[in-house]
Amino acid sequence: MQDYLKGLNEPQREAATHINGPLMIVAGAGSGKTKVLTTRIAHLMANGIDAFNILALTFTNKAAAEMKERVEKILGNNEARNLYIGTFHSVFARILRAEAPRIGYPNNFTIYDTDDSRSVIKTVVNELNLDDKLYKPNVVHNRISSAKNALVGPDEYANDYYLQQEDMRANRPALAQVYKAYQVRCFKNGAMDFDDLLFKMYELLRDFPEVLHKYQHKFKYILIDEYQDTNPVQYQITKLLAAVNENICVVGDDAQSIYSFRGATIENILQFQQDYDDVKVIKLEQNYRSTQSILNVANEVIKNNKGQLPKSLWTENAHGEKIKLVRTMTDNDEGKYVADTIQEQKLRNHYHNKHFAILYRTNAQSRSYEESLRRMGIAYRIFGGISFYQRKEIKDFISYLRVIVNTRDEEALKRIINYPIRGIGKTSVEKIVIFANDQNITFWDVLTRASEFGFKAGTLEAIQNFVTMIRYFQSMLEQKNAYDVAVQVGKHTNFVKELFNDKSTEGLARYENVQELLNSIKEFTESPDNEDGEVGDKTLGAYLQQITLLTDADEKDENADVVKLMTIHAAKGLEFPVVFVGGLEETLFPNAMSINTREELEEERRLFYVAVTRAEKHLFLTYANARYRFGSLTQNEPSRFLDELPETFLDRTYAGGGARNQTSNMGSAFARMHRGFEGNTQFSNASRQAPKSKTSALPTGLTSKPPQTVQHIPSKDFVPSDTTNLQEGQKVEHQKFGYGLVTKLEGSAHNPIATVKFELNGEKKIMLNYAKLRIVE
DNA sequence: TACCAGGAGGTTTTT
DNA sequence: CCTCCTGGTA
């Protein structure tokens, strides 16, 4: 037996050594799926299959990179760089780059990110004289995007009775026209959006038999990761590609399907066995990642979903600690709790920053964690959110590069034509657009023929200088690589100097960002092979093609010793020794947008399942009674998912003494008591000051402490003391319970517990690691 | 044409 | 709380 098969369990080995014919691997969370996939690729190659004939599709660049790296390690040579491993989007972009002229696009077509798409939609909506209050760019974009993912083109859209009815009802009868106009404009701009990369790829294969034939024979073996997250376009494309050889291997877990908003459908994985004859199905059910407690909690929760593929995930790992359920007053307290606990865990269990992950439902939640981590001096990094490439200065700079490579790109042109300021203002731009539309020529064409359109002398000169400059950059493309061109752009446009002269903090940051961008371009030109493993293509075009498809999460320094913050979506496929899942509150998680149908709610639950199964050793689930949202305090019920957790594996010590923390029927009692504050009642900004002011009438639901507690107003300069050497008999002040005397000290050194007799609230046990106590004397 | 102040409106998740 | 857009002024 080959070495690389050692250490695989029976089903894993069976999957890895399967060579010909369709194969479906149902892989539970943490069951060694990546290991199986990489081993299988290595095994194919060890059996004489050429790397050039293997295609592996993933959902993130990171997963692709990891896969390639691991195959390389197993094989111990450079053959792996000939594999076609990448995301659906990047692999198709690369193929489209080669084949684009067939469908009327330039090889150097631009890839529009979401912001670009929305901006095009905005223009198109205006040009059609439609109300942009009704045709909101993001709404329209979502609609168009879903259509494309479902293989519905503009014409099918216009002719679909059901879709038309929907748009009528939503007061957007012209949506089909917008869709059409949007496509026309993108085409005119020589640009494809994210969804086009899939849709056009499908059209290419559908309409050009010779192209289909070529790729069917190139990709004799196809592997698809996270198959449960594929949407109909992706499904059709892979079906076409695999039709001849039928050597298609899909890996997925229906319990982890969390991308239906992007058009993904579990149907694809359920359907797979019908699509091909003799599908071999292998289940990976042994989990190697998590403790039994964690796994049991996960299994118990997912049971509440209907229609799962039957499987039972088990582990030989130790029981481990119970899952900690933690309730705090506000989101800020939640942040503090997490930061404190990280500090404590680092000391107690010798963890490093990099062993922690903080996961949340929405990007906006990162703020409170950030603040606390920063205050504690704990290094962290946020993955996702606004990506580096979406920053204004970076987009502006890249727009220059985009124009140089593809002058049809109107979006990019509009961004840079007056940045840095050169006297071509809004009015001139509007004129240019009108001329372009009238004559049915591109924006750039108007610029090159500016003298024909009667601009004012000053404006004309500015336009001509701009054109000359861009042409100068283009002329450099032939001899110079991407980096050299970019440097020239920075110098020649005064772009870099402009930022350099801005000495404000933000200006400095912008300057540094552009420098970082230049560095990354340099790195690209100097790296021996690009991300697809293809040697040699160091042109600006090649650089731009990959840049739009990069995400923040793809950035390298894997081993940087930082706490990782990200959404649960972004965390899929990852694992961490200690995981915090925050914001377990109704309207947040499950999100208010996703509780209207059973399907939506089940997807939220799968998301929760994904979150829980990221943890290896320790799992903390936290929720806050109230959090700041839109600048005002919002009150939420604990998440319904918390009611689904099995008691046996839970530690509620930290869940505080109120709401739904002992038994689930307490919850309804609490709810009954506070009728009127159920759901998410919003309080005005004014009530934010409430706790400080004696006169303000505090809404009952807001305090959320046990009803018998007498409210204490901490002194204005309340600062928690260091309680390491706290002695019995000392007088202390607690933020909520007021003044009291320490009557007893117990607990371990890392988790000391003080018993305090409070003047107003009686005797309480206080965990010194978490509570804020000020020593009075 | 450029810049600033003031106001409205927006939070789901991502390639 | 934030960002984006508008409309007024220099």
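No experiment lies behind these values; they were computed from the predicted model shown. Chain A is the first sequence line, chain B the second, and so forth, proteins listed ahead of strands; every chain is numbered from 1.
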(request) Examine the side chains of A:Glu585 and A:Ser639 and answer whether a donor and an acceptor come within less than 3.5 Å of each other. (result) no
(request) Sugar-phosphate atoms are those with a prime plus P, OP1 and OP2; base atoms are the rest. Using that split, label each nucleotide of nucleotides 4-10 of chain C B, S or - for protein heavy atoms under 4.0 Å, 5' to 3'. (result) -S-----
(message) We want to know whether A:Thr548 and A:Asp113 form a side-chain donor-acceptor pair, criterion being a heavy-atom distance below 3.5 angstrom.
(response) no
(request) Spell out protein contact along nucleotides 3-13 of chain B as letters: B when the base is contacted, S when just the sugar-phosphate is, - when no protein heavy atom is under 4.0 Å; keep the 5' to 3' order. (result) S------BBBB
(request) Under the salt bridge (charged side-chain N to carboxylate O under 4.0 Å, His left out) rule, collect the residues that match up with A:Glu575, sequence neighbours excluded. (result) A:Arg289
(request) Would you check if there is a donor-acceptor pair between the side chains of A:Ser368 and A:Glu371 at a distance under 3.5 Å? (result) no
(message) What contact category does A:Asn418 fall into here, base, sugar-phosphate, or nothing, at under 4.0 angstrom with non-hydrogen atoms?
(response) sugar-phosphate
(message) According to side chain to side chain contact (heavy atoms under 4.5 Å, CB included), who are the partners of A:Asn138, at least two apart in sequence or on a separate chain?
(response) A:Arg118, A:Lys136
(message) Going by the rule side chain to side chain contact (heavy atoms under 4.5 Å, CB included), which residues pair with A:Asn304 if we only count those two or more places apart in sequence or in a different chain?
(response) A:Arg605, A:Glu644
(message) Suppose you measure atom P in B:dT13 against the same atom in C:dC4; what distance do you get, rounded to whole Å?
(response) 16 Å
(message) Check A:Arg361 with A:Glu604, please: is the shortest side-chain N to carboxylate O separation under 4.0 Å?
(response) yes
(message) Closest-nucleotide mapping onto DNA chain B: is A:His89 or A:Gly423 further toward the 5' terminus? I mean the 5' end.
(response) A:Gly423
(request) Only counting residues at least two apart or in another chain, list the ones meeting side chain to side chain donor-acceptor pair (under 3.5 Å) with A:Ser399. (result) none
